[in-house]
Peer 1: 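This is the structure I have questions about; it appears just below.
Being a predicted model, the structure only gives us computed values, none of them experimental.
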Amino acid sequence: QLVESGGDLVQPGGSLRLSCAASGFSLDPFSIGWFRQAPGKEREGISCITGSDGSTKYADSVKGRFTISRDNAKNTVYLQMNSLKLDDTATYYCAVDPDCFVAGTFGPVTGRESYIELWGQGTRVTVSS
């Protein structure tokens with residue numbers, strides 16, 4: 001399973017680091033995507049890191065503010081989020097996303113759910129003053 005953590009209430013401009021830890025299997029060969037779902041909106045892909053060479057992708061909405069990374073020794077993928085905005089408020093999910101097919105092309109997940117092999121349960125991020 002995948003377990004996200006690190007969500008919290010933070011002020012605009014603040015930072016958080018989300019973690020996506022795998023248990024029962026090794027994350028090493030897998031591409032991992034980060035997604036988010038704001039209240040009343042569809043779940044969307046925002047970032048992905050491949051399992052093959054560790055290349056990364058970012059949606060325009062988070063590029064330059066968020067950084068995805070992986071520590072295979074800890075079996076964990078991270079999402080460092082800086083300069084948080086009110087619009088970043090959402091539940092954040094990680095998922096096994098082969099070849100970053102869904103997260104790496106960004107946009108809504110709707111209609112592409114079958115490509116995701118495993119979802120985490122989500123962690124809530126609230127950006128508010």
Peer 1: I need the minimum non-hydrogen distance between S47 and A103, along with the two atoms involved.
Peer 2: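 Distance-wise, the nearest heavy atoms are O-CB, 3.5 Å.
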
Peer 1: Provide the closest heavy-atom pair for S19 versus W34 in the form atom of the first, atom of the second, distance.
Peer 2: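 Answer, listing the atom of S19 first, then W34: O-CH2, 3.7 Å.
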
Peer 1: For S31 and D97, what are the C-alpha separation, side-chain angles and deciding distance, and is it a side chain to side chain donor-acceptor pair (under 3.5 Å)?
Peer 2: CA-CA 5 Å; S31 298; D97 182 5; over 6 Å; no

Peer 1: Give a yes or no answer on whether the side chain of R70 reaches the backbone of L27 with a donor-acceptor pair at less than 3.5 Å.
Peer 2: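 Checking the backbone N and O of L27 against the side chain of R70, a donor-acceptor pair under 3.5 Å is found.
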
Peer 1: Rounded to the nearest 0.5 Å, how far does OG of S129 lie from CD of Q11?
Peer 2: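 Here the interatomic distance stands at 7.0 Å.
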
Peer 1: Between Q80 and S69, is there a side-chain heavy-atom distance shorter than 4.5 Å?
Peer 2: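 No. Closest side-chain heavy atoms not under 4.5 Å.
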
Peer 1: Do K85 and D88 meet the salt-bridge criterion of a basic N to acidic O distance under 4.0 Å?
Peer 2: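 Salt bridge absent between D88 and K85.
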
Peer 1: For D53, look at atom CG and say whether over 12 heavy atoms of other residues, nucleotides or ligands are found less than 6.0 Å away.
Peer 2: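 Yes - once you tally the heavy atoms of other residues, nucleotides and ligands closer than 6.0 Å, there are more than 12.
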
Peer 1: Is any side-chain heavy atom of R36 closer than 4.5 Å to a side-chain heavy atom of V125?
Peer 2: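 The answer is no, as the side chains (C-beta and beyond) never meet within the 4.5 Å cut-off.
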
Peer 1: Under a 3.5 Å distance rule, please check whether T76 uses its side chain to pair with a backbone N or O of K74 as donor and acceptor.
Peer 2: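 Yes, because the side chain of T76 sits within donor-acceptor range (under 3.5 Å) of the backbone of K74.
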
Peer 1: Could you tell me whether a side-chain N or O of E4 sits under 3.5 Å from a main-chain N or O of C94, the two making a donor and an acceptor?
Peer 2: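 Between the backbone of C94 and the side chain of E4 there is a qualifying donor-acceptor contact (under 3.5 Å).
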
Peer 1: With the 4.5 Å side-chain cut-off for hydrophobic clustering, are W119 and F25 part of the same group?
Peer 2: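 No, because W119 and F25 fall into different hydrophobic clusters, even though each may have its own neighbours under 4.5 Å.
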
Peer 1: Identify the residue among Q37, E42, R43 that makes a side chain to side chain contact (heavy atoms under 4.5 Å, CB included) with V109.
Peer 2: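 Output: one option passes, namely R43.
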
Peer 1: Could you go step by step and tell me if S128 and L9 meet the side-chain contact (heavy atoms from CB on, under 4.5 Å) rule?
Peer 2: CA-CA 7 Å; S128 176; L9 171 64; 4.0 Å; yes

Peer 1: Specify the closest pair of heavy atoms between R65 and L84, including all atoms of both residues, with the distance to one decimal.
Peer 2: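 Of all heavy-atom pairs spanning R65 and L84, the closest is NH1-CA, 3.9 Å.
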
Peer 1: Taking I46 as the starting point, is it possible to reach L118 by hopping between hydrophobic residues whose side chains are less than 4.5 Å apart?
Peer 2: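 Per the 4.5 Å side-chain linkage, L118 and I46 are co-clustered.
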
Peer 1: Any side-chain heavy-atom pair from P12 and L86 closer than 4.5 angstrom?
Peer 2: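 With C-beta onward as the side chain, the pair touches.
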
Peer 1: Assigning hydrophobic clusters by single linkage (Ile, Leu, Val, Met, Phe, Trp, Tyr; side-chain heavy-atom cutoff under 4.5 Å), is L18 placed with F35?
Peer 2: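 Result: no, two separate clusters.
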
Peer 1: Give a yes or no on this: more than 12 heavy atoms of other residues, nucleotides or ligands lie within 6.0 Å of atom CG of D99.
Peer 2: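 Counting other residues, nucleotides and ligands, CG of D99 stays at 12 neighbours or fewer.
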
Peer 1: Just how far is it from atom CG of N72 to atom CG of D28, taken to the nearest 0.5 Å?
Peer 2: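 The CG atom of D28 is 4.0 Å from CG of N72, to the nearest 0.5 Å.
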
Peer 1: Could you pull out the closest heavy-atom pair between G107 and R112, with the gap in Å?
Peer 2: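 Minimum heavy-atom contact is O-NH2, 3.7 Å.
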
Peer 1: Group every Ile, Leu, Val, Met, Phe, Trp and Tyr by side-chain heavy-atom contacts under 4.5 Å, then state whether I32 and V62 land in the same group.
Peer 2: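 Both belong to a single hydrophobic cluster.
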
Peer 1: Quick one: pull up CG in L79 and SG in C48 and give me the separation to the nearest 0.5 Å.
Peer 2: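 Between atom CG of L79 and atom SG of C48 there are 11.0 Å.
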
Peer 1: Is I116 reachable from L2 through a run of I, L, V, M, F, W or Y residues, each pair having side-chain heavy atoms under 4.5 Å apart?
Peer 2: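 Not linked; separate clusters.
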
Peer 1: Looking at every non-hydrogen atom in both residues, tell me the closest pair between P39 and T89 and how far apart they are.
Peer 2: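 Closest approach of P39 to T89: CD-O, 4.2 Å.
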
Peer 1: Scan residues 49-108 for pairs that pass ring-ring contact (aromatic ring centres under 6.0 Å, His included), counting only residues two or more places apart or in two chains.
Peer 2: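 Non-adjacent pairs meeting ring-ring contact (aromatic ring centres under 6.0 Å, His included): F101-Y115.
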
